[in-house]
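As structure tokens, the structure follows; a few thoughts come after it.
Scope of the values below: all heavy atoms of this structure, side chains included, with no hydrogens, waters or symmetry mates.
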Amino acid sequence: MVAKVLSASSKALALTALVSLSINSIVLPAIAQDSSDKLDLRPPIKSGSEDERTDDLSAFDKLEDKDTILIDPEKLIVKPPVLKALIKLDQPVSPLHIEADGDRDITLGEVLKTALRNNLDIKISDARKESAKWRFYEDLSRFLPDVVNSFSFQAIQGKVASPAGAILRIKSPYLTTGSGFNWTLFKGGERIFRAKEGRHRMKASVHALKGSVNDVLLQATNLYYELVLNDALLQIRVKAVEESKAILQLNEDLFAEGVATKLDVLQSRTQLSRDRQALVSQQIKRRQAAVDLATALYIDPAVDLNVQDRTVRKIRLIAQATRIGALIGTAIKERPELPKMEERRLAALQMRNLRKSAFLPSLSFNGAVAATGADIARGDGLQQIPLSSVTSAGSTLTPSIAGGANAPLANGIGGGRKTFDMRALFVLGMDVEWTLGGLGVTDTARVKRAGYTAREAQLAYNKELAKVYQEVRNSYNHAIDTEALVKETTSEVDSSEEALRIAVLRLKEGLGTQTDIIIAQRDYTQALINKVRAIVDYNKSQAQVLHSVGAISFNTLTRGFRPASQN
């Protein structure tokens, strides 16, 4: 009975095998025919021992000698980029210096010194200061008397008809000279108030110059750190390209062994292309940062600027224990904008007083000496000079004048001789004048306008004071924020670097995917970028705090600053 059952089962299995063989003989050739036209997604898996297989991590392991090294949480070393690691551009230019004719190394100290020496904003402010100073001297000179000198020489020839009916013939050169002074002793106080107004404006220009220096130092510092940032990012982008190349090589090796797919290879090539595009853009951005810095320093932008210090480190300029109250107190004393606005307010008050002086009289003291000279006809005695005849009451009268010997008549009278004679005239006097233009309405309007100008200056001072408070607190908080980011980004770099290493290992062992590597690589590159940005932003924030409290200078930017209340 059992034998019969086994015999039946054997027949059934044999029949099933025969049917399967028939189906395969029909279907498989068709499938093979369709597959021959498609891309080979995965080649046959090679056999062999582990020793015979290619070391898939060899290219990736070479990157352990990193171009960008995180020494500690507050310092990174960025090596100079190797030219062969950069992307060659289509234009006939250097991949690093682009269109520059040459290059030079530069430090922060050199940047600050060059900015102070060459910046045109500082020179413009200095010219305005000198202009205000000489305007003040001009106002002071108004207290001195005015000296007047004159000289007039005329050749006079002809006849003069006098109101008395005399016809005088004149033929004589006539000389007039004069020297005098006019000293306004009091003009309603106008000169006093004008001199005070000029002095306040001169002081305001001095503080404006200091403000320009502070702004230029902050601008130069920020542009220098922008160059540092872009230089470091360039090296990070170079490192990302090298990693992408290593991962591509790994996927190509795995694909050749039949472990990876063609999609993995294509994805790694796409990631390499993206990293190369980012590298090209970063090469241009680094050059643009150098051009911006050179332009701000007013030096030849055709010379590329290289960062001499290759260590991107956290530089503390404000002591960590410094409190906000000490910084605000320093800002009130040191910020040049506040005394500048105060001097302008005082100048506006003096201008209002100057307008009020128009209602008061003016007192001036003057004196002069005048000399006249002409050809004088001199005779031996008094002569009668006949004038034109006049008919009165039926009789004709012929008036005459005596003293003809001293009268400057042409050719003289009575045969007298002519000599050039000089005579002096002395004048000394005092003038008091009181003028009200437009019945005083004009001057009243001027006083009112000057009063509102002074009010505007007071409000502008209050606004600037509030702005100073805001800038000090915001810069202080931003410094705290950037310092915290410097610490936190360290963990991000460490974890993303380890994640990338694990992703590569998992891919080698067949446990991971190319997508995992791409994500890990992007995270690692972005972590390095965030780390560099955090350090550079912290250094910028320290300079911003110095600027907000008015303590920014070459010494404080290179050596640090401690508020006076904490010294």
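- Counted by atom type alone, Q526 and N530 present one or more donor-acceptor pairs between their side chains at under 3.5 Å.
- Residues E334 and V549 fail the side-chain proximity criterion, which asks for heavy atoms closer than 4.5 Å.
- Counting only distance, with no hydrogens or angles, the side chain of R142 and the backbone of R191 share no donor-acceptor pair below 3.5 Å.
- Here the side chains of R104 and L305 are in contact, with some heavy-atom distance below 4.5 Å.
- Side-chain atoms of Q271 and R522 form a donor-acceptor pair, as typed in the model, at a separation below 3.5 Å.
- Between K340 and E337 there is no salt bridge, since no side-chain N of the basic residue sits under 4.0 Å from a carboxylate O of the acidic one.
- Within 6.0 Å of the CZ atom in R316, the count of heavy atoms belonging to other residues, nucleotides or ligands exceeds 12.
- Residues passing the side-chain contact (heavy atoms from CB on, under 4.5 Å) test with D126, sequence neighbours excluded: K129, E130, L209.
- Note on residues 193-229: no pairs pass ring-ring contact (aromatic ring centres under 6.0 Å, His included), not counting sequence neighbours.
- Salt bridge E498/R501: present, at least one basic N to carboxylate O contact under 4.0 Å.
- Counted within 6.0 Å of CD on Q308, heavy atoms from surrounding residues, nucleotides or ligands total more than 12; the atom is thus considered enclosed.
- Atoms CG and OG1, from D275 and T270 in turn, are 11.0 Å apart once rounded to the nearest 0.5 Å.
- Between the side chains of Q235 and D231, no donor-acceptor pair of N or O atoms lies under 3.5 Å.
- Between E471 and R335 there is a salt bridge, with a side-chain nitrogen of the basic residue lying less than 4.0 Å from a carboxylate oxygen of the acidic one.
- The 12-atom threshold is exceeded at NZ of K540, counting heavy atoms of other residues, nucleotides or ligands nearer than 6.0 Å.
- For the salt bridge (Lys or Arg N to Asp or Glu O under 4.0 Å) condition, no pair includes a residue of residues 346-364, sequence neighbours left out.
- Environment of OH in Y452: sparse, with no more than 12 heavy atoms of neighbouring residues, nucleotides or ligands closer than 6.0 Å.
- A heavy-atom distance below 4.5 Å is found between the side chains of I529 and R237.
- Other residues, nucleotides and ligands contribute more than 12 heavy atoms inside 6.0 Å of the CZ atom of R310.
- At a threshold of 4.5 Å between non-hydrogen side-chain atoms, the residues T558 and L317 do not count as touching.
- A salt bridge is defined here as a Lys NZ or Arg NE, NH1 or NH2 lying under 4.0 Å from an Asp or Glu carboxylate O, and R194 with E138 fails to meet this definition.
- Within a 6.0 Å sphere centred on NZ of K187, other residues, nucleotides and ligands contribute 12 heavy atoms or fewer.
- Side-chain contact between R344 and E456 is absent, with no heavy atoms from C-beta onward closer than 4.5 Å.
- By the 4.5 Å heavy-atom criterion applied to side chains, V206 and K203 are not counted as neighbours.
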Chi angles and distances behind the side chain to side chain donor-acceptor pair (under 3.5 Å) call for Q219, D121: CA-CA 12 Å; Q219 179 194 30; D121 291 335; over 6 Å; no

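- Of all the heavy atoms in A294 and D300, the pair that sits closest is CB-O, 4.3 Å.
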